[in-house]
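Inspection log for the structure reproduced underneath, given as structure tokens.
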Amino acid sequence: MTGGTPAAGETLPGAGDEDDDAPERVVCHVDMDCFYASCERLRRSDLNDEPVVVGMGYEPGESIGAVATASYEARAFGVESAMPISKALELLPRRADADPDDPNAPDPEETGRYVPVDLDFYEDVAGEVKAVLRDCADTRREVSIDEAYLDVTDRTAWAVAGDDPDDPPPSGAAGPAEARTLAEGYARYVKDRIEREAGVPASVGVAPNMSAAKVASDADKPDGLVVVPPGSVAEFLAPLPTADVHGVGPVTEETLAELGIETAADLAAADRDRLAEALGERGPALSRRAAGDDDREVTPTGLPKSLSRESALPATADEATKRETVSALAADVARRARERGCLYRTIGIKAVEPPFDVNTRARSLPGPVDDPDLVEEVALDLLAEFDETRVRKLGVRVSKLDFAETDQATLGGFDAAEGDGDGGRPRRGDRAERDDRGDGGKLTDWVGGPPERDGDESGSIADRDRRRTDDGQASLGDWS
DNA sequence: TCTGGGGTCCTAGGACCC
DNA sequence: TCTGGGGTCCTAGGACCC
């Protein structure tokens, strides 16, 4: 193992199927800058240079909501993502409230523009970004709507570019002696293309592994390009607080602090057995990461593992309100599952009690289904446990998803057990106390295909997935 | 701050089987 | 009957991420 030594040339410690002579990887992390706000500016130039807050729940009469994205101008007022809207409005009143005739009105210079979230539009823009990324890298992992890892080892290299000694060193590089690498040039090219073709700014980090690339992209936001060549990774990470290590959240940060571990360097040097005691398996892994040692491959994004919907409400114990909410959430989750062509085998709810006690309950079915009525029924049944409980948030989730053929064969095999033993088939028919509902009936309702119309927008994700599973083994996560 | 919404992964304990 | 594993599946909760 490479242990705590942040040596430059560590290769996969035996685990990988990579040959040992593989070149040091070049991994880019592309992170769009305040993406939602940038998207809004793309179609509303009046928002340029203004403090922009994109969020939900700030309309008059609404009080439950949070900031999704704040532009950097808004961040200067202390507004941050995930902050309750009420708090954001205190720090930065909305422009519309700056009535010039009202002596108590806020100074317009200290107000912001509040815009509701329009996810469909952001997804369109993200599609253009992804088109660029597809063109720039064969191996990509899209982590979220505004973030992706690229493995561009086969497109570029860590070799030093050109021979111009006056070239400025890469911004995040270890020392002034660093020369510009080919990798930096390639990352610059990717970044510029995103800006040019999608119209939104990105920050890019380049490093020999994923976690260092991630930290690098964060190091000079917005509009940053930070390059951390092999050999300077540990040095680059060393001074950072542990919270900057990907995977260290508030709880872990606190635990580490109690062990006297404050920086990435401390974490890298810490005794890994002790870390394992305090944090479980995660501890040593975080330590390796902090040391610049992260051999995770950039693996393509897989199919989702679960789908959920949740909704906050003014804390209430009212049974009718809760049931209505859960019914609506259940319908929505079931609809989305059907749209994406996926079956589910587990149905669950979440009930959050004030102040913030999260309860989850789930029930698995004997086999995968697509059955909105059943989602509602099970969800309501699980909710019954909380009939007396005041809740501030409710959620419904389906999991144990199955994207394989939604066709007849699979379904037929469910209760007749005639399935061709394809792994996930029911081996235990007893589990669900599904009371009087004859499962067979429900399932076969649409055995010839979902009752819904299915021809529609071509090229939907669901379509692509299905095609994938059709042609060949296509394991999960294989769509590209 | 009285904390939104949609995800992922991990762990621990119990049931059940061999 | 007591004690001992190994393995899988399930649920619940926790931590984290964007």
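Naming: A, B, ... by sequence-line order, numbering from 1 per chain.
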Touch check for A/A82, heavy atoms < 4.0 angstrom, all strands: base, sugar-phosphate only, or nothing? base

When all nucleic acid strands are considered with a 4.0 Å heavy-atom cut-off, which category describes A/G247: base, sugar-phosphate, or nothing? sugar-phosphate

Tell me which nucleotide among C/dC18, C/dT11, B/dC2 gets nearest to the side chain of A/S86. B/dC2

What nucleotide, of B/dG5, B/dT1, B/dT3, holds the atom closest to the side chain of A/R392? B/dT3

Atom CD of A/E142 and atom C1' of B/dT8: how far apart are they, to the nearest Å? 16 Å

How many Å lie between CG on A/L303 and P on B/dT8, as a whole number? 10 Å

Any idea which of B/dT1, C/dC9, C/dG13 is nearest the A/R345 side chain? C/dC9

With a non-hydrogen cut-off below 4.0 angstrom, is A/R397 in contact with a base, only sugar-phosphate, or nothing? base

Cationic tip of A/R43 within the cone over A/F121's six-membered ring, i.e. under 6.0 Å and within 45° of the normal? yes

Between A/K87 and A/D332, who's closer to the 5' end of DNA chain B by nearest nucleotide? A/K87

Taking only N and O in the side chain of A/K393, is any of them less than 4.0 Å away from OP1 or OP2 of B/dG4? yes

Interatomic distance where NE2 belongs to A/H246 and P belongs to C/dC18 [whole Å]: 5 Å

For DNA chain B, report each stem as range with range, ordered by first number, or say none. Use Watson-Crick or G-U wobble pairs under 3.5 Å, at least 3 in a row. B:5-18 with C:5-18

Using only side-chain N and O atoms of A/S308, determine if any of them is under 4.0 Å from OP1 or OP2 of B/dG6. no

Classify A/T252 by what it touches in the nucleic acid, base, sugar-phosphate, or nothing, heavy-atom distance under 4.0 Å. sugar-phosphate

Looking only at C/dG13, C/dT11, B/dG4, the nucleotide nearest the A/R361 side chain is C/dG13

The test is side-chain hydrogen bond (donor to acceptor under 3.5 Å, both in side chains); show your working for A/T299 and A/R141 and say whether it passes. CA-CA 6 Å; A/T299 51; A/R141 181 183 188 83; 2.9 Å; yes

Any base atoms under 4.0 Å from A/I64, or only sugar-phosphate, or nothing? Heavy atoms, all strands. sugar-phosphate

Taking the minimum atom-to-atom distance to the side chain of A/K214, which one of B/dG5, C/dC18, B/dT1 wins? C/dC18

Rounded to the nearest angstrom, tell me the gap between atom OH in A/Y149 and atom C1' in C/dC17. 10 Å

Does a side chain donor of either A/T242 or A/E253 reach within less than 3.5 Å of an acceptor in the other side chain? no

Listed nucleotide nearest any side-chain atom of A/R363, set C/dT11, B/dT3, C/dA15: C/dT11

Could you give the NZ-to-P distance, from A/K350 to C/dT11, as a whole number of Å? 17 Å

Let me spell it out: for each of A/P84 and A/L307, pick the nucleotide of DNA chain B with the closest heavy atom. Which residue's pick is nearer the 5' end? A/P84

For the pair A/R140 and A/D151, find out whether any cationic side-chain nitrogen is under 4.0 Å from an anionic carboxylate oxygen. no

Side-chain ion pair, A/E80 and A/R75, N-O less than 4.0 Å: no

Rounding to a whole Å, what distance do you find between A/R141:CZ and B/dT8:P? 10 Å

For the pair A/K221 and A/D33, find out whether any cationic side-chain nitrogen is under 4.0 Å from an anionic carboxylate oxygen. yes

Select base, sugar-phosphate, or nothing to describe what A/E281 touches, counting heavy atoms under 4.0 Å on all strands. sugar-phosphate

Listed nucleotide nearest any side-chain atom of A/E147, set C/dC18, B/dG5, B/dT3: C/dC18

May I ask you to say what A/V143 touches in the nucleic acid, namely base, sugar-phosphate or nothing, with a heavy-atom cut-off under 4.0 Å? nothing

Report the distance from atom CD1 of A/I145 to atom C1' of B/dG7, rounded to the nearest whole Å. 13 Å

In whole Å, what is the span from the CD1 atom of A/I347 to the C1' atom of C/dT11? 15 Å

Using 4.0 Å as the upper bound for N to carboxylate O, is an ion pair formed by A/E310 and A/K350? yes

How many angstroms lie between atom CG of A/L267 and atom OG1 of A/T252, to the nearest 0.5 angstrom? 10.0 Å

Kindly say if A/S364 contacts the phosphate of C/dT11, meaning a side-chain N or O under 4.0 Å from OP1 or OP2. yes

Taking any heavy-atom pair under 4.0 Å as a contact, classify A/P250: base, sugar-phosphate, or nothing. sugar-phosphate

Of B/dT3, C/dC10, C/dT11, the nucleotide closest to the side chain of A/T346 is C/dT11

Regarding the side chain of A/S306, the nearest nucleotide among B/dT11, C/dC18, B/dT8 is B/dT8

May I ask you to say whether A/E50 pairs ionically with A/R41, meaning some side-chain N is under 4.0 Å from a carboxylate O? no

Among C/dC10, B/dG5, B/dG6, which nucleotide has an atom closest to any side-chain atom of A/R309? B/dG6

When you compare the side chains of A/D318 and A/T316, does any donor N or O come within less than 3.5 Å of an acceptor on the partner? no

